[in-house]
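Values below: every heavy atom of this structure, side chains too, minus hydrogens, waters and symmetry copies. Residue numbers start from 1 in every chain, and the chains themselves are labelled A, B, ... in the order their sequence lines are given, proteins ahead of strands.
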Number of protein chains: 2
Amino acid sequence: MSTKTIEDYLKHIYQLQEHTDQVTTSAIAQRMDVSAASVTDMIKKLSERGYLHYTPYRGVELTPEGRGLALNVLRKHRLWEVFLVEYLDFPLHQVHEEAEDLEHLPSTELVQRLDKLLGYPRIDPHGDPIPTADGTIEDQHGRLLAHAQPGQSARIVRVSDTNPELLRYLESIGLVPHTEIQIKSRAPFEGPMVVEVDGVEHSLGNTVMNHIFVNIHPR
Amino acid sequence: MSTKTIEDYLKHIYQLQEHTDQVTTSAIAQRMDVSAASVTDMIKKLSERGYLHYTPYRGVELTPEGRGLALNVLRKHRLWEVFLVEYLDFPLHQVHEEAEDLEHLPSTELVQRLDKLLGYPRIDPHGDPIPTADGTIEDQHGRLLAHAQPGQSARIVRVSDTNPELLRYLESIGLVPHTEIQIKSRAPFEGPMVVEVDGVEHSLGNTVMNHIFVNIHPR
DNA sequence: CTCAAGGTTTAGATGGGGCTAAAATATACT
DNA sequence: AGTATATTTTAGCCCCATCTAAACCTTGAG
């Protein structure tokens, strides 16, 4: 239904490229919830416009121009997320969706002024780095909580923004960026982990652990 | 090129309806900078959806639903204008154009929270009234500056937002809402008017006078 | 009261993004 | 290597907003 723009495609391709190494038609289709045929069509267009290299049946690779556009969208998205939290008091789990519309506002002056209002933030409310106006971006912070060991203490630096339900749960127990936690125990064979947050213990399953990134404190 | 939405049509029709009494196809086309044929098409669609009544070759009249949608767009537009001025320090002459994009953000929660952040303002930076969430709107304030008489003093309550160039000029000499002025003289036959603003005298032609609305102080 | 002028509507086409179904190609397994 | 399965692309169609050119009213002036 809702129609996707060139910017949307580039953004999602960029984000796929971050984690997987083959960005396939079907991966894009699945992520964006459109048909594979639509993706093929759009890829042709993006290729003609010089945003990516396209080898039929093979996959896709962003050109510097494509990457630049993608990072600009991401920049707008994440700056607006900061605004939504800091000025409009939106709960964390809602900002991603709201920012999906805001990120497409074309005015560069608007973004510049927003960036200034917010004090040139480096990360968004989920802990994701905000690309700069000249198209650079820091690496994502933190290691998966799943890699932490019992007895260690850590600071949450990032949470995945992909699942609003899960995010709502994390919020409700205080598992958000900047929070300090202690890892109490871990059941064997990738079992649940018990962590202490704000003096309260919680048992976390694998899915949850894989949405949380931490800096582990040296002892 | 830039494609107009249903909301755009309703907004412009509403604003035409405020000042003229026959809202014709060509008036809409001219105002929106699209062809008359496009307007005819769109009018048919809007009529089918119950937003207006349409008599071919005659003109158009908004239904309560159409008016409601139009006022909602206007509400969003004007609230964002307040934000652009108060939080992002945009100059007055730029906010109208920037708000043209912001007004189409669909989220009602976003608007509600914005309204709260701004302190539930009643007027936008040009002095135009902001419709309420339940679809009511105050009458526009002020009388044309052209109607004021030499010797009177007045407060500017509203300036037209239609001409950015002119607005830029008004801004540069301080002729913006809330400013106090004195009418010094007026040349005969609709001639130029001399007004004092912030201790400086300016001679204003008819076009300028017809973009400024004032409350004249009793003596 | 006719008819030309001018505003309005229809006809037919474009470009953007989307879809399903069928054809083409790649991969993976025996 | 050969074939079955899975992925990708093509073909053909839809919807939306737009345009130009041509046909169609309305109206107002002679």
Interatomic distance, B:M42 CE vs D:dT18 P [rounded to whole Å]
5 Å
Taking CD1 from B:I43 and C1' from C:dT8, how many angstroms apart are they, rounded to a whole number?
10 Å
DNA chain D contacts among residues 8-30 of chain A, heavy-atom distance under 4.0 Å:
A:T24, A:T25, A:S26
Throw together a table of side-chain donor-acceptor distances under 3.5 angstrom for residues 12-20 of chain A, partners on residues two or more places apart or in other chains.
unit_1	atom_1	unit_2	atom_2	d
A:H12	ND1	A:D8	O	3.1
A:T20	OG1	A:L16	O	3.0

Listed pairs under 3.5 Å, donor-acceptor, residues 32-39 of chain A side chains, sequence neighbours left out:
unit_1	atom_1	unit_2	atom_2	d
A:S35	OG	A:S38	N	3.2
A:S35	OG	A:S38	OG	2.9

Nucleotide nearest B:T40 when distance is taken to its side chain, options D:dT18, C:dT9, C:dG17
C:dT9
Which residues satisfy the side chain to side chain contact (heavy atoms under 4.5 Å, CB included) test with B:Q22, sequence neighbours excluded?
B:T24
Rounded to the Å, how far apart are B:H104 NE2 and D:dA17 C1'?
14 Å
Atom pair distance, as rounded to whole Å: CG in B:D41 and C1' in D:dT18
9 Å
Atom NZ of A:K45 and atom P of D:dT9: how far apart are they, to the nearest Å?
15 Å
Nucleic acid contacts - residues 49-63 of chain B versus DNA chain D, non-hydrogen atoms under 4.0 Å:
B:Y57, B:R58
Whether A:S38 contacts C:dG17 is assessed here as follows: a side-chain N or O lying under 4.0 Å from the phosphate OP1 or OP2. Is that the case?
no
Does a side-chain N-to-carboxylate-O contact under 4.0 Å join B:E7 and B:K76?
yes
Does B:S35 put a side-chain nitrogen or oxygen below 4.0 Å from OP1 or OP2 of D:dC19?
yes
For B:K44 and C:dT10, what is the distance between atoms NZ and C1' respectively, to the nearest whole Å?
7 Å
Using a strict threshold of under 4.0 Å (side-chain N to carboxylate O), is an ion pair present between A:E100 and A:K11?
yes
Take atom CD of B:E48 and atom C1' of D:dA17, then tell me their distance rounded to the nearest Å.
14 Å
Is the A:W80 ring parallel, tilted or perpendicular to the A:F83 ring (thresholds 30°, 60°)?
perpendicular
Touch check for B:V34, heavy atoms < 4.0 angstrom, all strands: base, sugar-phosphate only, or nothing?
sugar-phosphate
Would you be so kind as to tabulate the donor-acceptor pairs closer than 3.5 Å made by side chains of residues 207-216 of chain A, with sequence neighbours excluded?
unit_1	atom_1	unit_2	atom_2	d
A:N210	ND2	A:N206	O	3.1
A:H211	ND1	A:T207	O	2.8

Tell me yes or no: between the side chains of A:E171 and A:H93, is some donor less than 3.5 Å from an acceptor?
yes
Give me the ring orientation class for A:H126 and A:H96: parallel if the planes are under 30° apart, tilted from 30 to 60°, perpendicular past 60°.
perpendicular
